[in-house]
Amino acid sequence: QVQLVESGGGSVQAGGSLRLSCVVSENINCMAWFRQAPGKEREGVAWISGGGGTNYAASVKGRFTISKDNAKNSLHLQMNNLKPEDTAMYYCAVSFYSCPTIESSIHLIKYWGQGTQVTVSS
């Protein structure tokens with residue numbers, strides 16, 4: 001059973017920064033961050049493939065950076081210039097499927113972190 005443990009959420013003012021981390025019990029092909037705001041569907045934020053290629057949702061491109069440390073089996077999300085609309089529960093996720101596959105098929109993701117709350121005030 002793959003396990004994911006997240007940390008790093010919190011409350012900041014607009015324009016601030018936060019760094020999320022996720023420790024995974026094993027390296028898996030595609031690693032990603034999702035978020036879910038109250039009353040909204042869970043949406044993908046950033047993806048990183050086994051080879052290190054990255055992709056971002058349009059709403060966060062240029063502000064967020066996804067990275068991983070293979071030696072430590074860890075995944076990170078650096079979030080800069082945060083906006084109130086970034087407020088959500090953030091989840092890390094991993095999949096044996098490729099990143100392009102799970103970008104359009106969230107139901108294929110079996111392994112999720114417990115979530116960490118990010119709150120951005122104006």
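Under the 3.5 Å distance criterion, with hydrogens and angles disregarded, a donor-acceptor pair is assigned to the side chains of N80 and S17. Between the side chains of E26 and N73, not a single donor N or O lies within less than 3.5 Å of an accepting N or O.
Residues L108 and F96 do not share a hydrophobic cluster, defined by chaining ILVMFWY side chains whose heavy atoms lie under 4.5 Å apart. There is a path of hydrophobic side-chain contacts, each under 4.5 Å, that joins I28 to L20. Under a hydrophobic-cluster definition in which Ile, Leu, Val, Met, Phe, Trp and Tyr are linked whenever side-chain heavy atoms come within less than 4.5 Å, directly or via other members, V60 and Y90 are assigned to the same cluster.
Considering only heavy atoms from C-beta on, I102 comes within 4.5 Å of W47 through its side chain.
A distance of 8.0 Å separates CG of L77 from OG of S67, quoted to the nearest 0.5 Å. Rounded to the nearest 0.5 angstrom, M89 CE and E6 CD are separated by 9.0 Å.
Taking the centre and axis of the six-membered ring of Y91, the NZ or CZ atom of R42 falls inside the cone set by 45° and 6.0 Å.
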Worked check of side chain to side chain contact (heavy atoms under 4.5 Å, CB included) between V24 and Y111: CA-CA 10 Å; V24 188; Y111 305 111; over 6 Å; no

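Between W112 and F34, the ring-plane angle classifies as perpendicular under the 30° and 60° cut-offs.
Residue Q114 comes nearest to L4 through the heavy atom pair OE1-O, 3.6 Å, listed as atom of the first residue, atom of the second, then distance. Here the closest heavy-atom approach between residue K68 and residue G50 is recorded as NZ-O, 3.2 Å. Considering all non-hydrogen atoms of both residues, A14 and S122 come closest at CB-CA, 4.3 Å.
For the side-chain contact (heavy atoms from CB on, under 4.5 Å) test, residues two or more places apart in sequence or in another chain that qualify with T54 are I48, Y56, I66.
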